[in-house]
Amino acid sequence: MPGRLRLMLLSSLTFVSVSVSAGDMESRSFKPDVKWSVERGEITNVCNNYAISDWRYRSCRRAAQRKFGEMCSQYREQYRNSQGSTRDKAYKNSQTYCVSFRP
């Protein structure tokens, strides 16, 4: 009996095979190189270092949105805690990074 019970338990196990493609591995470890230009106080050419139809472009745009949000917060904080020309520059930069970029 004990031999039969062991055999039944072994035969009831199910194995699941999970395969991960090279593309999935690459997308998980991908860190986009976010590049942009500022022209007349507006952000332009965001992530133009990637093809528009590429998944890397979309990933870069998401990263850019996070980056610009962080920069917006930094410049607003700098504006609140400064004076004179530093305050003016912080205001101008906050207008650039808080207002102009829309992904």
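In what follows, every heavy atom counts, from backbone to side chain, and hydrogens, waters and symmetry copies are set aside.
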Within 6.0 angstrom of Tyr50 OH, more than 12 heavy atoms from elsewhere: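 Check passes, neighbour count above 12.
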Contacts of type side-chain contact (heavy atoms from CB on, under 4.5 Å), residue [X], not counting sequence neighbours:
X	answer
Ser59	Phe30, Pro32, Arg62
Ser73	none
Gln83	none
Ser37	Glu39, Thr44, Asn45

What's the separation between atom [atom1] in [X] and atom [atom2] in [Y], rounded to the nearest 0.5 Å?
X	Y	atom1	atom2	result
Gln95	Cys72	CD	SG	9.0 Å
Tyr97	Ile43	OH	CD1	5.5 Å
Thr96	Met71	OG1	CE	9.0 Å

Mind listing the closest non-hydrogen atom pair of Val34 and Ala63 along with its distance?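 Smallest interatomic distance, heavy atoms only, reads CG2-CB, 3.8 Å.
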Which heavy atom in Tyr57 sits nearest to a heavy atom in Cys47, and how many Å separate them?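 Heavy atoms only, the tightest pair is CD1-O, 3.4 Å.
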Who passes salt bridge (charged side-chain N to carboxylate O under 4.0 Å, His left out) against Lys35, sequence neighbours left out?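 Asp33.
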Tell me every residue that passes side-chain hydrogen bond (donor to acceptor under 3.5 Å, both in side chains) with Asp54, counting only those two or more places apart in sequence or in another chain.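 By the side-chain hydrogen bond (donor to acceptor under 3.5 Å, both in side chains) rule, Asp54 matches Arg56.
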Which pairs with one or both residues in residues 78-89 pass salt bridge (Lys or Arg N to Asp or Glu O under 4.0 Å), sequence neighbours excluded?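 Sorted result for residues 78-89: Glu77-Arg80.
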Decide whether Tyr75 and Trp36 are clustered together by the hydrophobic rule: side chain heavy atoms of Ile, Leu, Val, Met, Phe, Trp, Tyr closer than 4.5 Å, transitively.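 Linked within one cluster.
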Between Val99 and Tyr79, is there a shared hydrophobic cluster once you connect ILVMFWY residues whose side-chain heavy atoms come closer than 4.5 Å?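 Different hydrophobic clusters.
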Do Thr86 side-chain atoms and Ser82 backbone N/O form a donor-acceptor pair below 3.5 Å?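 Checking the backbone N and O of Ser82 against the side chain of Thr86, no donor-acceptor pair under 3.5 Å is found.
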